[in-house]
4 protein chains.
Amino acid sequence: MDKKLGRPRSEETKKAILTAAYELLSENGFDTVTIEGIAERAGVSKATIYKWWPGKAAVVLDGYFAATELLLPVPDTGSVKEDLFQQFNNLSIFITSPKGKMITELIAAGQFNPGIAEEYRVRFFNPRRHISRGILERGIARGELRKDLDLERSIDLIFAPLFYRLLITGDTLDSAFIRELINDIMKGLGQ
Amino acid sequence: MDKKLGRPRSEETKKAILTAAYELLSENGFDTVTIEGIAERAGVSKATIYKWWPGKAAVVLDGYFAATELLLPVPDTGSVKEDLFQQFNNLSIFITSPKGKMITELIAAGQFNPGIAEEYRVRFFNPRRHISRGILERGIARGELRKDLDLERSIDLIFAPLFYRLLITGDTLDSAFIRELINDIMKGLGQ
Amino acid sequence: MDKKLGRPRSEETKKAILTAAYELLSENGFDTVTIEGIAERAGVSKATIYKWWPGKAAVVLDGYFAATELLLPVPDTGSVKEDLFQQFNNLSIFITSPKGKMITELIAAGQFNPGIAEEYRVRFFNPRRHISRGILERGIARGELRKDLDLERSIDLIFAPLFYRLLITGDTLDSAFIRELINDIMKGLGQ
Amino acid sequence: MDKKLGRPRSEETKKAILTAAYELLSENGFDTVTIEGIAERAGVSKATIYKWWPGKAAVVLDGYFAATELLLPVPDTGSVKEDLFQQFNNLSIFITSPKGKMITELIAAGQFNPGIAEEYRVRFFNPRRHISRGILERGIARGELRKDLDLERSIDLIFAPLFYRLLITGDTLDSAFIRELINDIMKGLGQ
DNA sequence: TCCTAATCGAGACGGTACGTCTGGTCTTGAG
DNA sequence: CTCAAGACCAGACGTACCGTCTCGATTAGGA
């Protein structure tokens, strides 16, 4: 069926490209990374990069996730507030670290490139939302939360303020903020 | 004091540049706008643009706001929920319109350029937050809201999900969503 | 040793550049030729030109000589006067032709660019001086000329008035002038 | 007749422009002089320069001659050879001095600008040729030179090799060369 | 003393070309 | 067939001067 004629793709080359892409991203920021720079650093020809990725955003994103994929701990303390605090405190620590700040630039790049956006939604956000969903479901089961919650919207409620600060206001993200945020969302503004 | 030596700056030229910048932004999107394109469309020399703006992002932003500045209605129905619904429904209508979608790209550009970020914070977000603050304060005065609210954080709670959807998930923003969002935030997830 | 990695330089492109350069030189004169104009006419990118030549003067000069290199007849009539007349009459015909007039501008350009000067000395003047040297040497051997001549200085004596007229006085160069010039130089002003 | 309405032209301004033009010429060479640079150095507006001169070449030339005009000694020793030696040795000292080297660049500029050429012919060459003519005429009267000389062509014979070396070969000009040059021209190459 | 006309500085402006840079594509020859 | 090397076109970058054009402030002589 699918023949394998000719020289096979070199895994080393692929790794070198992703590593170079990630290094350049972390050294200079997304917008100053160039395909040419990646090719040079990786000791690879530009054509090889274009052969396997459609453009700079794709390589850099791949490089980022290749270097960043990590196990996400699933908190389960028996308390929604505490579980949420643990998850989002971890997240806020991550996204304010150098590694995390890059996600900012990738989200920005995603505004000009739907493929990129899809990618980080699937690889970055979905797994984390999955964990939040578990927390909320257990909370409902335990009666800590209202039964009628729209889970997806509820998850948005917590993620959103973090990224709003990150992308728009630039305000600090610390554990006090996370704690108060969760309190507000649980309690509501009313009454 | 402030001298007026030399040929005065041409207001027509300035207007032509801003108009051209805005038109190109709305036709092609931020990242395909070029200074050269603006210069040509405006019938203006590149040097003149560089004289008054440091780069593409600055001109385009200026062009955007010059074309977009509008009166913001201040709702005051006597009900926090209704006031917030009116404000944020209007906002969601705006940011899902062609004109509003551009703000997405400017926010993206702001990730690579602190000056830009500052600009849209001041010109776009601050006036709107000011209105929200008024709504919340009146709500507290009327006893509709908890007295101990941190106003800024509370405002974030409402703005954030809109822009989270806009920038990250891409989910739809309609009046049903706004209504439910406000409900959730007022009531809280708890109990 | 000298490796031949990578895509080889395109001879067609090179030719197109030189041709375009020469055409523009002959149409408009040296100082209105631009690299951008050459690139456009040749259907070539500016970067390609800058890759192989340091600047406009170098390309134009190369284009000029690529279009102009021709066989130089070596007169040998048995008479110094006649040989010199043939050589310099030919030369005067050439340098008053359109093709030849360009050399004027290249000499001018050479005043601001030593590399250019070196180039036309080697490619234009040296071969012609070589012929003159032969004529004079044969003349000395035949006893037509003084034995103690400094050949280089003597050659200067004939070339110089042609280019002096060309570059400075602008007086006409015709075969009568050449004849009289050679007479004067042979005879001397004295006595 | 010619009315003198309005503010009269400022002589100081004119002087400042010419001085600035000359200074910049001597510091950086003709081709790097700019009208803008002259205007700044002279503390003058560009428009004022364009009011009185058609372009850079004209101002610089004027500046050059304003700074350079000097008395030309008229040698009269009773010997043509000695007179010529004195005149051309002086000339060669001048044109190999910094001040004199600039004339090279002006001659180059003259290739692209007939007005410039006319100017230095009249202001630089004619006065010197006039002196040479006197020397030759006295030589003829004294019987040192042939009666049938074409004076203009004879003058060319001496000027030409100096400028040929200056503009084309770049060979040195020293008093030995001048002496031998005059000898050769007087004696002729023949016999 | 005011008026008129020209000069001048400052500096904005439309242009044009500069030389550089990156993006993507294409062409070799080696493996 | 893959790949490194690297030539190539396309086109924007930001800069530098060009020569022209307002401005407002002088600076005379003539009214």
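Labels below follow one simple rule: chain letters A, B, ... track the order of the sequence lines, proteins then strands, and each chain is numbered from 1.
For F/dT27, one of the phosphate oxygens OP1 or OP2 lies less than 4.0 angstrom from a side-chain nitrogen or oxygen of D/R7. Listed pair B/T48 / E/dG14 meets the phosphate criterion, a side-chain N or O lying under 4.0 Å from OP1 or OP2. Dashed line: the shortest gap from a side-chain N or O of B/S10 to OP1 or OP2 of F/dT22 is not under 4.0 Å.
Atoms CG (B/D31) and C1' (E/dT22) sit 15 Å apart, rounded to a whole Å. The OH atom of D/Y50 sits 18 Å away from the P atom of E/dG11 (whole-angstrom rounding). If you take NZ of B/K15 and P of E/dC13, they are 14 Å apart, rounded to a whole angstrom. The CZ-P distance, from D/R41 to E/dG9, rounds to 16 Å in whole Å. Between the CD1 atom of D/I38 and the C1' atom of F/dC18 there is a distance of 13 Å, given to the nearest Å. Atom NZ of A/K46 and atom P of E/dC21 are 13 Å apart (whole Å). Atom C1' of nucleotide E/dT22 and atom CG of A/N28 are separated by 15 Å, given to the nearest angstrom. Across the protein-nucleic acid pair, A/K51 atom NZ and E/dC26 atom P stand 13 Å apart, rounded to whole Å.
Which of F/dC18, E/dG19, E/dG14 sits closest to the side chain of C/E36 comes down to E/dG19. Distances were taken from every side-chain heavy atom of B/L5 (C-beta onward) to each of E/dA10, E/dA6, E/dG19; the shortest belongs to E/dA10. Distance from the side chain of B/I35 is smallest for F/dG14 among the nucleotides F/dA5, E/dG23, F/dG14. Distance from the side chain of D/R9 is smallest to E/dC8 among E/dG14, E/dC8, F/dC9. Side chain of A/T34, nearest nucleotide from E/dC18, E/dT22, F/dT20: E/dT22. Which of E/dA10, F/dG19, F/dT15 sits closest to the side chain of D/S45 comes down to E/dA10.
The main-chain N or O of B/S26 is never found under 3.5 Å from a side-chain atom of B/K99 such that the two would form a donor-acceptor pair. Under a 3.5 Å cut-off, the side chain of B/Q111 and the backbone N or O of A/A108 do not form any donor-acceptor pair.
Ionic pairing of C/E118 and C/R121 is present here: one or more N-O contacts between side-chain nitrogen and carboxylate oxygen are shorter than 4.0 angstrom. Using a 4.0 Å cut-off between charged side-chain N and carboxylate O, B/R123 and B/D62 make a salt bridge.
Residue D/G43 is classed as a sugar-phosphate contact, given heavy-atom separations below 4.0 Å to backbone atoms only. Within 4.0 Å of D/W52, counting heavy atoms only, lie sugar-phosphate atoms of the nucleic acid but no base atom. Within 4.0 Å of C/A39, counting heavy atoms only, lies no atom of the nucleic acid at all.
Nearest heavy atoms, D/V59 versus D/L18: O-CD2, 4.0 Å.
Heavy-atom nearest nucleotides on DNA chain E were determined for B/P8 and for C/K56, and the one closer to the 5' end corresponds to B/P8. When each of A/V33 and B/I17 is assigned the nucleotide of DNA chain E with its nearest heavy atom, B/I17 is the one assigned upstream, toward the 5' end.
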Review point. Going through the checks in order, is the side-chain contact (heavy atoms from CB on, under 4.5 Å) test met by B/T68 and B/M102?
Key: CA-CA 11 Å; B/T68 298; B/M102 298 173 205; over 6 Å; no

